[in-house]
Amino acid sequence: MIVLKSAREIENMKAAGELLASVHKELRKLIKPGVTTWEIDQFVEDYLKKHGATPQQKGYRNYQYATCASINDEVCHGFPRKEALNDGDIVTIDMVVNLNGALADSAWSYGVGNVSDQSQKLLEVTKEALYRGIAASVPGNRVGDIGHAIQSYVEGEGFSVVREFIGHGIGSVIHEKPDIPHYGLPGKGPRLKEGMVFTIEPMVNIGEWKTKMDSNGWTARTVDGKLSAQYEHTIAITKDGPVILTEQD
Ligand code: MF3
Ligand code: CO
């Protein structure tokens with residue numbers, strides 16, 4: 001069942017989203033060679049606490065951290081760790097913020113220091129893929145239109161789209177209906193309606209789209225060891241089109 005949200009509920013999720021966006025703006029300054037994802041995770045947890053919010057991922061299905069921190073070939077759900085980031089790495093920080101019971105979810109990839117031209121292109125294409133998916137999120141369109149917009153753009157740029165992890169409805173819990181694959185066929189899937197709130201969060205790989213699971217049962221990485229990036233926003237469907245609840249600008 002797809003739960004539609006009221007204007008009031010969307011306002012509350014937007015407040016959570018604005019706080020989450022401010023965390024990412026802080027991370028732009030914090031992420032550099034020598035910093036550990038452990039320190040980033042501590043920073044995020046403290047920052048949220050100071051602002052009256054909590055990290056919803058911590059404790060979710062026994063997940064232990066405020067953030068997911070996925071480095072280089074890690075696709076998603078990397079664990080924060082006490083190992084320094086290196087110049088040229090790319091790292092994705094993903095988190096769900098709970099502010100007064102309202103949730104917002106946003107992941108962002110960061111280049112650490114100076115990254116290669118190919119890494120830079122991966123970051124740019126992945127972010128653009130997210131925004132193309134958002135542009136397709138107008139009432140009356142279908143879920144497949146979002147996936148198609150993302151997949152056709154990414155593959156046209158010579159990269160691939162991860163299939164095993166998808167966007168999702170979000171409300172009083174992290175994962176709700178509808179499922180939002182980042183691949184698919186135009187005109188297929190559920191119709192988008194005013195009041196839907198969901199994430200779009202394409203993971204884009206330089207090589208093959210396939211992933212494998214680490215022995216920790218959480219962290220997915222690319223099968224070929226090549227880089228993966230991810231950008232995620234939480235959006236609400238309104239009669240005037242999509243509204244980004246986690247926008248940073
Ligand atoms: N933020 C993630 C997403 O985009 C959810 C992570 S699940 C967790 O779907 F357990 F890591 F928290
Ligand atoms: Co997320």
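Numbering of ligands and ligand atoms starts at 1, following listing order. It should be emphasised that the depicted structure is a prediction, and the values quoted were computed from it without experimental measurement.
Not less than 6.0 angstrom separates the ring centroid of Phe165 from the ring centroid of His182. Here Tyr131 and Tyr231 keep their ring centres 6.0 angstrom or further from each other.
Of all protein N, O or S atoms, those under 2.8 Å from the Co ion (ligand 2) number 4.
Between the side chain of Gln230 and the backbone N or O of Glu201 there is at least one donor-acceptor pair closer than 3.5 Å. For the pair Asp145 (side chain) and Gly187 (backbone), a donor-acceptor distance under 3.5 Å is present. Of the possible donor and acceptor atoms, none in the side chain of Asn12 sits under 3.5 Å from a partner among the backbone N and O of Ala15.
Using a 3.5 Å distance cut-off with no hydrogens or angles, the side chains of His24 and Tyr110 do pair a donor with an acceptor. Using modelled atom types and a 3.5 Å distance limit, the side chains of Thr246 and His233 yield a donor-acceptor pair. Side-chain contact annotation: Asp105 with His168, donor-acceptor N/O pair under 3.5 Å present. When only modelled atom types and interatomic distance are considered, Asn205 and Thr222 share no side-chain donor-acceptor pair under 3.5 Å.
Residues of the protein with a heavy atom under 4.0 Å from ligand 1 are Gln57, Tyr60, Tyr63, Cys68, His77, Asp94, Val96, Asp105, His168, His175, Glu201, Trp218, Glu232, listed by chain and number.
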